[in-house]
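Input: a single structure, listed below in structure tokens.
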Amino acid sequence: MKLSSKIIMLAAGSAVLGSTVTAVAMKEILFSGDDSLDMSLYRESDVSSVRSGYYTVSQAPVNSADFTTAAESTINGVVSIKSYATPRGGYSQGGGGFFNDPFFEYFFGNPGGSQRRQQQEPKQQQMGLGSGVIISSDGYIVTNNHVIDDAERLEITLNDNRTFDATVIGADAMTDLALIKIDAKDLPVIPMGDSESLKVGEWVLAVGNPFGFTSTVTTGIVSAKARSIGSATHSRPMGIESYIQTDAAVNPGNSGGALVTLNGELIGINTAIYSQTGNYAGYSFAIPTSIVKKVVSDIRQFGTVQRAVLGVSISDLTNEIAKEKGITAVTKGVYVGEVSDRSSAREAGIQSGDVIINVNGVPTDNVAQLQEQVAKYRPGDTIKVTYIRDNKSNTVNVKLLNNQGTTNVTKASDFTDLGCAFKKVDESTLKQLGISNGVQVVDLKDGRFRDAGIRQGFIIYSINDSRVGSADDVEKIYKAIMKGNGDEKLMIVRGLYPTGKKGVYAVDLTGSEE
């Protein structure tokens, strides 16, 4: 049976632990007398030993690296995160069928009256388990956005077993990072390292809480840098992708945990695995600290990420493109397909057909490396871009702009009654999703949107059949609804999640105050 490979976000399903004990499984295999045992799993020299009821371990040289110092210095700086939420969408009693559909009930009423509502109220349940990294002694913790997404309550457990409720400071679906805070002091901190100085083949440790096993440390090496999972697996990209790839064993529950060097420095936040089974099968991926530092700093300072864009449509330089365009000066780089009007790239003189080969002297051999370099900066910053045109090298200074073509600070517009904020979606994301306009739901809290089932990161392109392209558009529609005649006030919200999943929600504004 052929299994299709999947990218697994590691916060998945986390609270249930039931696995078979390995020793029992080995006993059954080795002593059951089953001659169908696949001997290809063992080295040829080990086959006779297996048949006789035991097997030998590899005689490979023992690694001389000492992991104990790094493990001891970082294990207290990683926390366990349990997310709790109230299950939505129906009750356990009361008829079923259409009558369990909240849309049916909203538009046509509840045939069972109030009786069904009184039979069983949904209770808050644990929905997920992940990890987080303490980055300041006063309680700031960085984790993955998908660990805290749609949670109504976050419970943080330290390595000394103390527990705290956490507040979400901010989150960014594009990089899958979130910043949360607990009310505590004098906490152990894992210092930030420089992910750009990391070398392929270097030893690293993954620290987290796989399957609920707290304070777990695994080791591996850096298998690759600036890895784009989407391009490697021909699947939909997951926002900004420039991952550190390792072979350290990482499993569900490790999400948001630390990837550290042997010096005990944080160089990545573990976020995904490439697997055919849903569990670790060889490779895991971490967000580098070059991106983590920028996102965390923006969230703390502005409440949302200040994202600079070049304003170009790009792809990896392939042999086919190089041959077609007559490019002979380089074999690696980022090919510029189109340049947007009023963009950073156009103002700097970058043109379609150019090949970007480095930013500030850092090589950009592929799209992932270029994304990582640009993601480090804010609108208004100036970077030095080197590119190839007509097989000659050129270097220009590029003043970075935001996706509105300005250097203004982006603010997350807040609507208290709706329980969220909105930010404009960058052009590359819109193009990737096949839409021309939209705003993204951020900082989701208790409110009308959450009650309607809308989740963090949802991109709204229309409300009540009116196009939405900015937070101002949402505000205008909201005010128009509230000023309208009639007692029933309703938003029909249509949009997409960053994964491409479509959503339509009915947001009841009855009883809201403008």
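In this text, all values refer to a predicted model and were calculated from it rather than measured experimentally. One is the number of the first residue; the rest follow in order along the sequence.
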Quick one: does any side-chain atom of [X] pair with a main-chain N or O of [Y] as donor and acceptor, under 3.5 Å?
X      : Y      : result
Ser290 : Glu372 : no
Arg346 : Val339 : yes
Asp316 : Val367 : yes
Asn263 : Glu265 : no
Asn144 : Leu177 : no
Thr364 : Leu370 : no
Lys225 : Leu198 : yes
Asn391 : Gly326 : yes
Asn251 : Pro210 : no
Ser136 : Tyr140 : yes

Closest contact, heavy atoms only, [X] versus [Y]:
X      : Y      : result
Thr218 : Ala249 : OG1-O, 2.8 Å
Lys431 : Ser313 : NZ-OG, 3.3 Å
Asn209 : Asn254 : N-ND2, 4.0 Å
Ser315 : Ile321 : OG-CD1, 3.8 Å
Ala173 : Gln440 : CB-NE2, 3.8 Å
Asn270 : Ala286 : OD1-CB, 3.7 Å

Indicate whether the side chain of [X] and that of [Y] have a donor and an acceptor atom separated by less than 3.5 Å.
X      : Y      : result
Ser80  : Thr214 : no
Gln126 : Ser83  : no
Thr246 : Ser223 : no
Thr271 : Asp176 : yes
Asn397 : Thr382 : no
Asp165 : Tyr84  : no
Thr175 : Lys294 : no

* Validation row: Thr395, Lys384 side chains within 4.5 angstrom (heavy atoms) -> yes

* Do Ile357 and Lys332 have side-chain heavy atoms sitting under 4.5 Å apart? ->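 Contact flag for Ile357/Lys332 side chains = no.
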
* Arg389 vs Gln351, side-chain contact (heavy atoms from CB on, under 4.5 Å): CA-CA, chis, key distance, verdict -> CA-CA 9 Å; Arg389 180 186 299 167; Gln351 300 177 7; 3.3 Å; yes

Donor-acceptor list for residues 179-191 side chains, cut-off 3.5 Å, not counting sequence neighbours:
residue: Lys181; atom: NZ; partner: Asp138; partner atom: O; Å: 2.8

Rounded at 0.5 Å granularity, tell me how far [atom1] in [X] sits from [atom2] in [Y].
X      : Y      : atom1 : atom2 : result
Ile388 : Ile327 : CD1   : CD1   : 9.0 Å
Leu154 : Lys82  : CG    : NZ    : 12.5 Å
Ile269 : Ile244 : CD1   : CD1   : 10.0 Å
Tyr243 : Ser284 : OH    : OG    : 12.0 Å
Leu401 : Leu310 : CG    : CG    : 9.5 Å
Ile356 : Gln369 : CD1   : CD    : 12.5 Å

* **Identified side chain to side chain contact (heavy atoms under 4.5 Å, CB included) counterpart of Ile267 within the set Val292, Val260, Val204, Val222** =>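 Of Val292, Val260, Val204, Val222, side chain to side chain contact (heavy atoms under 4.5 Å, CB included) with Ile267 is met by Val204 alone.
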
* To do: Please determine which of Thr407, Ile383, Val309 meets the side chain to side chain contact (heavy atoms under 4.5 Å, CB included) test together with Leu400.
  => Ile383

* Asked: Taking only residues at least two apart or on different chains, which pairs with a member in residues 69-78 satisfy side-chain hydrogen bond (donor to acceptor under 3.5 Å, both in side chains)?
  -> Asn76-Asn159

Is the closest basic N to carboxylate O distance between [X] and [Y] below 4.0 Å?
X      : Y      : value
Glu196 : Lys376 : yes
Asp390 : Lys392 : no
Lys293 : Asp298 : no

* Going through the distances and angles, do Glu324 and Asn319 end up as a side-chain contact (heavy atoms from CB on, under 4.5 Å)? -> CA-CA 8 Å; Glu324 178 186 346; Asn319 291 333; over 6 Å; no

* Asked: With a cut-off of under 6.0 Å to the ring centre and 45° to the axis, is Arg227 in cation-pi contact with Phe285?
  ->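 Output no; distance or angle outside limits.
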
* Asked: Stepwise, does the side-chain contact (heavy atoms from CB on, under 4.5 Å) test hold for Ile350 with Val385?
  -> CA-CA 9 Å; Ile350 295 174; Val385 176; 4.2 Å; yes

* **Neighbour count above 12 (heavy atom, 6.0 Å) for Glu202 CD** => yes

* To do: Please assess Tyr283 against Ile273 for the test side-chain contact (heavy atoms from CB on, under 4.5 Å), listing each intermediate value before the final yes or no.
  => CA-CA 6 Å; Tyr283 293 112; Ile273 58 177; over 6 Å; no

